[in-house]
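Below is one structure, written out as structure tokens, with a few remarks after it.
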Protein chains: 2
Amino acid sequence: MYSDECEPYGYDAFRRTCPSHAVLEMLSSKWVYLTIGALRRGRMRHGELARKMEGITPKMLTQTLRTLERDGLVLREIFPVIPPRVEYELTALGHDLAGLLDQIRSWSEMHVPDIRSARLAAEESGKQAAAG
Amino acid sequence: MYSDECEPYGYDAFRRTCPSHAVLEMLSSKWVYLTIGALRRGRMRHGELARKMEGITPKMLTQTLRTLERDGLVLREIFPVIPPRVEYELTALGHDLAGLLDQIRSWSEMHVPDIRSARLAAEESGKQAAAG
DNA sequence: GATAGGCACTATCTTTTGTATAGTGTAGAT
DNA sequence: ATCTACACTATACAAAAGATAGTGCCTATC
């Protein structure tokens, strides 16, 4: 099955025709990290998510949620009321992924000082190279 | 320390002024995943990396490597010979991250069938909605 | 000896993606 | 009567990614 797209060695994200490459591409967005990270604690509404994720535009949030819904990571439930009420939650697949993504998010938070000092060092040596 | 940028609650990637948000943004690129994934097995040259990562342009590869170098995840060693020889390898920090990133890559490869079927289902219900 | 190719890029142009800003219609609060 | 919240949608603009071609140097081929 699917042998024509990524065989004979199985799925390999390094190959651009392999579907796993597209999956990796879909996941590599900061908004995906944050959306899934936010939903990990329970179902949320569009407005709640927007307030939690500083700087996201409604367009981007909707787009991210639709992609995640399409790919089976998020479930969208619409309540036919006025004003509209829509709730989002992770699917089982989404929860499975959420653990991994949250590790990356934690890593980002934990290693800020390391990266900051590396950047400062790079800046310094850059200046020296420019001056010397 | 750094209290002005992400306090009083510590680093939080959900806040766009928090430096960890920028770190997460830097990491969320498929080329970062693949570059670090490739370097995990040992030092490599630009050309080797380019051949391994199908579809990357030399510009994008150089750019990705420079960013990773600047942020202390990759070490760049230049040999002053002709033709030029440049080798890249992960730093300790890079290796630390590589384990996490590789889990996401594996996840992408493992869950292709799940995502594929979710997409097909979404497509089907989309068609029905358009027709009905 | 002209041609092709590898090396590690750089430069330019085009396309895609993300961001900013404003607007949709309904309903309750002020 | 105006303001806000809800969950978006639409348009215009800026930033990023991708495609294509070129740089100087050397080795190997025809």
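Note that these values count all heavy atoms, side chains included, but never hydrogens, waters or copies made by symmetry. Only a predicted model underlies this, so the values are computations on that prediction, with no experimental measurement involved. A, B, ... follow the sequence lines: proteins, then strands. Residue 1 opens every chain.
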Positions of residues 24-45 of chain B (non-hydrogen atom under 4.0 Å from DNA chain C), listed by number: B/R45
Connected via hydrophobic side-chain network under 4.5 Å: B/L75 and B/L65: no
Contacts of A/R85 that satisfy salt bridge (Lys or Arg N to Asp or Glu O under 4.0 Å) - sequence neighbours left out: A/E87
Length of the CD-C1' vector between B/E87 and C/dC9, whole Å: 16 Å
Residue list, salt bridge (Lys or Arg N to Asp or Glu O under 4.0 Å) with B/E109, at least two apart or on another chain: B/R105
Strand-adjacent residues in residues 53-66 of chain A, judged by heavy atoms under 4.0 Å from DNA chain D: A/P58, A/K59, A/T62, A/R66
Backbone N/O of B/A13 and side chain of B/S20: donor-acceptor pair under 3.5 Å: yes
Other ILVMFWY residues reachable from A/F79 by side-chain steps of under 4.5 Å: A/V81
Full working for side-chain contact (heavy atoms from CB on, under 4.5 Å) between B/M26 and B/L73: CA-CA 11 Å; B/M26 182 270 289; B/L73 298 167; 3.9 Å; yes
Side chain to side chain donor-acceptor pair (under 3.5 Å) involving B/R66 - partner list, sequence neighbours excluded: none
Along DNA chain D, first and last positions that approach a heavy atom of chain A under 4.0 Å: D/dC6 to D/dA12
Partner residues of B/I78 under the side-chain contact (heavy atoms from CB on, under 4.5 Å) criterion, sequence neighbours left out: B/R76, B/V86
By side chain to side chain donor-acceptor pair (under 3.5 Å) - contacts of A/R45 (at least two apart): none
Residue pair B/L61, B/W31: steps toward the side-chain contact (heavy atoms from CB on, under 4.5 Å) verdict: CA-CA 8 Å; B/L61 179 52; B/W31 299 126; over 6 Å; no
Spacing between B/R85 atom CZ and C/dC7 atom C1', to the nearest angstrom: 11 Å
Hphob cluster co-occupancy, A/M44 + A/L90, side-chain heavy atoms under 4.5 angstrom: yes
Nucleotide C/dG6, atom C1' - distance to CD of B/E48 in whole Å: 13 Å
What protein N or O atoms touch nucleotides 26-29 of chain C N or O atoms at under 3.5 angstrom, if any, and at what distances?
none

Counterpart residues, side chain to side chain donor-acceptor pair (under 3.5 Å), relative to A/D12 (two or more places apart): none
Sugar-phosphate, base or nothing in reach of B/Y88, heavy atoms under 4.0 Å: sugar-phosphate
Any residue meeting side chain to side chain donor-acceptor pair (under 3.5 Å) with B/H111, in chain and number order, not counting sequence neighbours: A/D96, B/W107, B/D114
